[in-house]
Amino acid sequence: MATLIKNGTLITASDTFQSDILIEGEIIVQIGKDLTHPSADVIDATGKLIMPGGIDPHVHLDLPMFDTVSSDDHYTGHKAAAFGGTTTAMDFVVLEHEGFKYSVDLWMEKAAKAAIDYSFHMNLTQFSDKIAKEIPSLMEMGIQTLKVFTAYNGRLRIDDGSIFKALRIAKENGMLMMAHCENGDVIETLVQQALADGHTDPEWHALTRPSWGAVEATLRMAAMAEQADSPVYIVHMNAGGEVDMLRYARERGVKVMGETCPQYLFFTEDALSREDGSKWICSPPMRTEMDNARLWQGLHDGTLQTIGTDHCPFFFDGTQPIVYEGKEIAIAGKELGKYNFTKIPNGLPGIQDRMPILWTYGVQTGHITPNQFVAYMSTNSAKIFGLYPRKGALVPGADADIVIWDPEKRVKYGVAQSHQRTDYNLYEGWELAGYPEKVFLRGKLIVDGEKWLGKSGDGQFLKRGTGEIL
Ligand code: DUC
Ligand code: ZN
Ligand code: ZN
């Protein structure tokens, strides 16, 4: 089976040019002008933009949290991703006491229903000599990344000494450490104090997680990475001061990279004071307009490398079912913390929203160029996470993960347009100019306008090798 996409404008991380693309089977085989093929399906892409499928480096599908689970699984989350132009998603494996292999097998079972390609990062939430010895086995499983937490004392956090040892092991094995940067000790103290003082509203989520913790933990991670001579990738950067720390460290040659997420670019902690404030509860929290602006600056000048979503949706009101693919479904959500902000499940929807929202409100507004858009949405993640040039590139030999983008399409966005399995959307009523029209996963058309042509099981697990340091 062959598909010939004619007369589109290709946008890559470095160039913009008119060209045709020929796909045979799952692969891009030719890029050039005036291509022909005797039997290909021909798509006229005049006036359309052609980009590599998006890669979301940070999602949490089917993740147990508090007394519930994130409301998108590896099928519904992937379907939503595809409608937003994303064809690869990277999820985080929960480390069980039985060890890495057991934990990965569990996540593989959950992900068997995948509808786009996917890979895993391993949460390194326990550390011992035994675990240290087993870390290299992750590379054999195709998992090149470990995530550590400097917050969530007694649950997910490991101490700095263990992080430092793990950084050295990562370095020896060509692996990459990812870090969730906040100050767990300060947070624990502030949360206890807030509850003792009777503060239970959502705004206290942000007030008990000050941005200074994120800033100093980012510098601390960069410093440990430098001392271990190992790279580190800071996830979900949310504070302007974190961008400063990243810039400071990178200017000194430290191999530190950074990811931000749309919610930290568009919203502030003020959202938590709304009547429906729990919709915006995520960790780390959103900050101030000044932080939004400094994160944009970090993207504009290339201090940051990627935009992920941290997609971890919950229902706003999980007592009221919604209809998804013709069936009613309700999953306990934010209402669990109605009387106590510490019981509100942490996380937001965003896997479908990321590319359309960033196109209109990032590219059209001049914060980033179209080429930076492709770099942040796809190519840089492919490079950092060891998938390039199979993914994230429009070149012969690459997987034919392709988005045909209609720059003229106008959409009033919101929960009605979204396939994310939850009852709200953060961008309700936002006007979009430009939207994905057709999405290919390894040569197969899976989204055609409003039509879903993908299916559960279409997605493949991607074994990853050592990536690049950007
Ligand atoms: N933050 C969230 O808000 N949800 C899931 C995990 C995380 O780090
Ligand atoms: Zn995190
Ligand atoms: Zn996360």
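In each ligand, atom 1 is the first atom listed, and ligand 1 is the first ligand listed.
- Among the backbone and side-chain atoms of Cys312, no N/O/S atom is found under 2.8 Å from the Zn ion (ligand 3).
- Within the protein, the N, O or S atoms lying under 2.8 Å from the Zn ion (ligand 2) are Lys147 NZ, His180 ND1, His236 NE2.
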Trace of the side chain to side chain contact (heavy atoms under 4.5 Å, CB included) decision for Phe385 with Thr145:
CA-CA 8 Å; Phe385 298 110; Thr145 32; 3.7 Å; yes

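- Using cut-offs of 30° and 60° on the angle between ring planes, the pair His58 and His60 is perpendicular.
- Side-chain contact between Lys391 and Arg442 is present, with at least one heavy-atom pair separated by less than 4.5 Å.
- Partners of Asn425 according to the side-chain hydrogen bond (donor to acceptor under 3.5 Å, both in side chains) rule, which considers only residues two or more places apart in sequence or in another chain, are Asp353.
- Test His311, Lys110, His74 against Asp91 for side chain to side chain donor-acceptor pair (under 3.5 Å) and you get one pass: His74.
- In summary, Arg247 and Glu251 do not engage in a salt bridge, as defined by a charged side-chain N under 4.0 Å from a carboxylate O.
- For Asn346, the side-chain hydrogen bond (donor to acceptor under 3.5 Å, both in side chains) partners are Ser283, not counting sequence neighbours.
- The number of heavy atoms from other shown groups lying within 6.0 Å of CE (Met290) does not exceed 12.
- Listed as neighbours of ligand 1 are His60, Met65, Lys147, His180, His236, Cys282, Ser283, Asp310, Cys312, Asn346, Gly347, each bearing a heavy atom under 4.0 Å from the ligand.
- Using the six-membered ring where Trp is involved, Trp430 and Tyr361 have ring planes that are perpendicular, over 60° apart on the 30 and 60° scheme.
- At a threshold of 4.0 Å, the pair Asp73-Arg421 counts as salt-bridged, since one of the basic side-chain nitrogens sits closer than that to a carboxylate oxygen.
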